S.K.: 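Quick one: this structure, given as structure tokens, is what I'll be asking you about.
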Amino acid sequence: MTKRPGHAHSTSEPILMQTFDASNIDKEYQFYDEEAARVSQKIDEELKRDWVRRKDAQRRQVKVMLLGQAESGKSTLQKQFQLYYAQHALDHERPLWRPVVYFNILKAVRMILDELDHELNNLSIDDSLEGQAVAHSLAPLGDLSEEFSGLRTKLVPLVAMEDSLASELSGGVAVTGGRTGVYVRAGWQALVTPLSPNRSRALPGTGGLSPAVAQVTSLASRTLISVQNEVDELWKHPAVRILLNNRRIRLDESAPFFLDSIKRVAQPDYLPSTADLLNVRLQTLGVAEHSFDIELCGSRYNWLMYDVGGAVRRHAWVPYFDDATAIIFLAPISAFDQYLEEDPRTNRVDDSLQLFTAICSNKLLKNSHLVLMLNKTDLLRKKLEAGVKVRKYITSYGDRPNTYADVSEYFRAHFIQVHRRHDISRRALYVHFTSMLDIRATQDIIVNVGEAIIRSHIAKTGLA
């Protein structure tokens, strides 16, 4: 028989067809189906538990915004909260504030020297009543030019360090408009702190500072120690006191505190005290978040505090905080005789009223608990006791008595009136007179405000 084309006979062993037991297949598939279902159910349960945990954590989050113009005391209030609820974190940061304290002193010394030059060179041509009064007070001191020239020469090395210290602390951050100083963003502490190879802790032997900042801080410390007597002499000089009392020299609010403490600060082992941390001045940019755990009635709440820097473009941040539990607005009522740096025609108290009006009328913030802190009452008292007249700067004050009781009530009434007229949700307003440098009084207010905000949050979220 001939073979068919295209076919070949195999010489391999015959293939035996294996038979399958259908019942075994069903059992195996059943096993796999049950195991997959068990794993899937376990994953679903874990996801559900995780969702419940996250939901509960969110319900226990209390978001609080600190609002107010630059230098209103927001950062100081944040440090007061930190001091009360998380002092260990504040203690850890103490070395990082050392160069900032030095910068505050350097800036104050430079401002005094600059103003002295200006006043002494122009006093003879100032024929105003105030100018004549200052000239009369300075006359018994004789010719001061040679004395201050010698002091300036000795203090030049210290003043010359201001820009380099500011540059290292700012980390390259610049502000438009030609303004100088230290401007930092949220988390600036991490930028001036060196990290070990595992990027978890500061390198030893550096005082907690990065090499560049540590170097300039060390130089500033040595220079300050060497000229501390000259700084003290300048600060206590009768001519400087006369010009300060007559408001011919204006310094930052923190300057007197640190210049009075120059002998304490100018020590090789200096570490900022709690009072130093509350008094030190540092301009913040952007929004900084701070977290505290607060216990109330046996339950723990996560308090998220957002410090909105005074240099932030106003209202640009509002959409991101429409779920804020509360707003703490700080208005520095001691600033009635001051004007905005960016707009010298606008009184700072008027500016605070305008900003508070915008917050009260903002629909996105209408559900937030509202707390008003009329701040810096200690400075207000000092100014009024020194004879500074409110009506000179705020004409609507009229002939009312220039006493603390009358002035503070006048400002309180204006802010309450803004709230009544412009608050779109008709919410309650809680008003406090505050001085952020008074630790005991401020912490009493912090406890009261914190409890009120949390109780409001509990009522809103239904937490037990």
Side-chain angles (χ1 to χ4, degrees), residues 62-81 284 286-290 303-336 338 340 346-377 379-380 408-437 441-442 445-454 456-457:
V62 181
K63 294 184 178 180
V64 180
M65 295 178 65
L66 300 183
L67 299 179
Q69 62 185 202
E71 300 179 52
S72 59
K74 299 186 298 296
S75 296
T76 307
L77 177 59
Q78 175 268 313
K79 281 183 265 188
Q80 285 277 20
F81 268 92
T284 53
V287 180
E289 178 188 288
H290 306 273
W303 185 288
L304 296 176
M305 178 169 283
Y306 297 94
D307 178 1
V308 182
V312 174
R313 187 164 59 90
R314 291 183 175 178
H315 313 315
W317 39 261
V318 172
Y320 300 98
F321 296 99
D322 58 341
D323 61 341
T325 309
I327 294 169
I328 300 178
F329 184 85
L330 290 95
I333 56 176
S334 63
F336 67 86
Q338 299 172 9
L340 295 181
T346 302
N347 184 281
R348 285 190 61 196
V349 171
D350 285 337
D351 179 67
S352 282
L353 284 165
Q354 292 173 26
L355 182 54
F356 189 60
T357 301
I359 290 168
C360 289
S361 58
N362 193 298
K363 294 180 180 179
L364 294 177
L365 303 175
K366 66 179 182 179
N367 295 321
S368 301
H369 195 82
L370 192 56
V371 179
L372 171 64
M373 292 189 175
L374 300 175
N375 196 28
K376 302 193 178 182
T377 55
L379 296 178
L380 175 63
S408 59
E409 176 56 31
Y410 173 81
F411 290 135
R412 189 184 77 91
H414 270 63
F415 278 94
I416 289 177
Q417 186 179 51
V418 165
H419 174 258
R420 285 175 179 168
R421 289 182 177 179
H422 299 281
D423 192 67
I424 58 176
S425 59
R426 299 288 183 251
R427 65 196 139 179
L429 175 66
Y430 301 87
V431 185
H432 300 272
F433 288 104
T434 56
S435 167
M436 290 301 137
L437 302 180
T442 301
I445 292 173
I446 282 174
V447 172
N448 293 333
V449 168
E451 289 187 357
I453 290 174
I454 290 177
S456 172
H457 177 70

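This structure is a prediction, so every number in the text was calculated from the model and none was measured. Excluded from the calculations below are hydrogen atoms, water molecules and symmetry mates; all remaining heavy atoms, backbone and side chain alike, are included.
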S.K.: Testing the 3.5 Å rule here: is there a donor-acceptor pair between the side chains of D351 and Q69?
M.R.: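 Judged by distance alone, the side chains do pair up.
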S.K.: Quick check against the 3.5 Å criterion: does S425 have a side-chain atom that pairs as donor or acceptor with the backbone of K366?
M.R.: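 Checked: pair present.
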S.K.: Do D423 and L370 pass the side chain to side chain contact (heavy atoms under 4.5 Å, CB included) test, and can you show the C-alpha distance, the side-chain angles, and the key distance before you say yes or no?
M.R.: CA-CA 10 Å; D423 192 67; L370 192 56; 4.2 Å; yes
S.K.: Can you tell me how far CG of L77 sits from OG1 of T434, rounded to the nearest 0.5 angstrom?
M.R.: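 Result: 8.0 Å between the selected atoms.
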S.K.: Taking the side chain as everything from C-beta on, heavy atoms only, tell me whether Q78 gets closer than 4.5 Å to M305.
M.R.: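 They are in contact (side-chain heavy atoms under 4.5 Å apart), so the answer is yes.
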S.K.: Working to the nearest 0.5 angstrom, can you tell me the gap between F336 CZ and L379 CG?
M.R.: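 It is 10.5 Å, given to the nearest 0.5 Å.
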S.K.: Let's go through L374 and H432 carefully: what are the C-alpha distance in whole Å and the side-chain angles of both, what is the deciding distance for side chain to side chain contact (heavy atoms under 4.5 Å, CB included) to 0.1 Å, and is it a yes or a no?
M.R.: CA-CA 6 Å; L374 300 175; H432 300 272; over 6 Å; no
S.K.: Where do I327 and L365 land on the side chain to side chain contact (heavy atoms under 4.5 Å, CB included) test, with the steps shown first?
M.R.: CA-CA 9 Å; I327 294 169; L365 303 175; 3.9 Å; yes
S.K.: Hey, does the side chain of T325 reach the backbone of K63 with a donor-acceptor pair shorter than 3.5 angstrom?
M.R.: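 Yes: the side chain of T325 pairs with the backbone of K63.
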S.K.: Would you check, one step at a time, whether the test side chain to side chain contact (heavy atoms under 4.5 Å, CB included) holds for F329 with I359?
M.R.: CA-CA 9 Å; F329 184 85; I359 290 168; 3.4 Å; yes
S.K.: Which value, rounded to the nearest 0.5 Å, describes the distance between N375 atom CG and T76 atom OG1?
M.R.: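 One gets 8.0 Å once the value is rounded to the nearest 0.5 Å.
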S.K.: Check the pair Y430, H369 against ring pair (Phe, Tyr, Trp, His ring centres under 6.0 Å), reporting the backbone distance first and the verdict last.
M.R.: CA-CA 9 Å; Y430 301 87; H369 195 82; 4.8 Å; yes
S.K.: With sequence neighbours excluded, what pairs up with D350 under the salt bridge (charged side-chain N to carboxylate O under 4.0 Å, His left out) test?
M.R.: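 Salt bridge (charged side-chain N to carboxylate O under 4.0 Å, His left out) check on D350 returns nothing, list empty.
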S.K.: CG/L66 to CG/L330 distance, rounded to the nearest 0.5 angstrom?
M.R.: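 If we round to the nearest 0.5 Å, L66:CG and L330:CG are 6.5 Å apart.
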S.K.: If you look at every heavy atom in L67 and K74, which pair is closest and at what distance?
M.R.: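 It is C-CD, 3.5 Å.
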S.K.: Within the 4.5 Å heavy-atom criterion, are M65 and I328 side-chain neighbours or not?
M.R.: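 Side-chain contact under 4.5 Å: no.
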S.K.: In Å, rounded to the nearest 0.5 Å, how long is the span from NE2 of H290 to OG of S75?
M.R.: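 Rounded to the nearest 0.5 Å, the NE2-OG separation comes to 7.0 Å.
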S.K.: Any side-chain heavy atom of I333 within less than 4.5 Å of one from K376?
M.R.: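 No, every pair of side-chain atoms sits at 4.5 Å or beyond.
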S.K.: Would you tabulate the side-chain donor-acceptor contacts of residues 413-421 under 3.5 Å, counting partners in other chains and residues two or more places apart, or write 'none'?
M.R.:
residue: H414; atom: ND1; partner: Y410; partner atom: O; Å: 3.1
residue: H419; atom: NE2; partner: R427; partner atom: O; Å: 3.0

S.K.: For Q80, does its backbone N or O pair with a side-chain atom of T442 as donor and acceptor, under 3.5 Å?
M.R.: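 No.
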S.K.: Ignoring hydrogens, what is the shortest heavy-atom contact between P332 and V349? Give both atom names and the distance.
M.R.: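 Nearest heavy atoms, P332 then V349: O-CG2, 4.2 Å.
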S.K.: Between L304 and V64, is there a side-chain heavy-atom distance shorter than 4.5 Å?
M.R.: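 A side-chain contact under 4.5 Å is absent here.
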S.K.: Give the minimum heavy-atom separation between A331 and L372, together with the two atoms involved.
M.R.: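 Smallest heavy-atom distance, with atoms named: CB-CD1, 4.5 Å.
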S.K.: With sequence neighbours excluded, tell me which residues meet salt bridge (charged side-chain N to carboxylate O under 4.0 Å, His left out) with K79.
M.R.: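 None.
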S.K.: Please give me the minimum heavy-atom distance between A335 and N347, naming the atom from each residue.
M.R.: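 The answer is O-OD1, 4.1 Å.
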S.K.: Which value, rounded to the nearest 0.5 Å, describes the distance between T377 atom OG1 and F433 atom CZ?
M.R.: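 Reported value, rounded in 0.5 Å steps: 8.5 Å.
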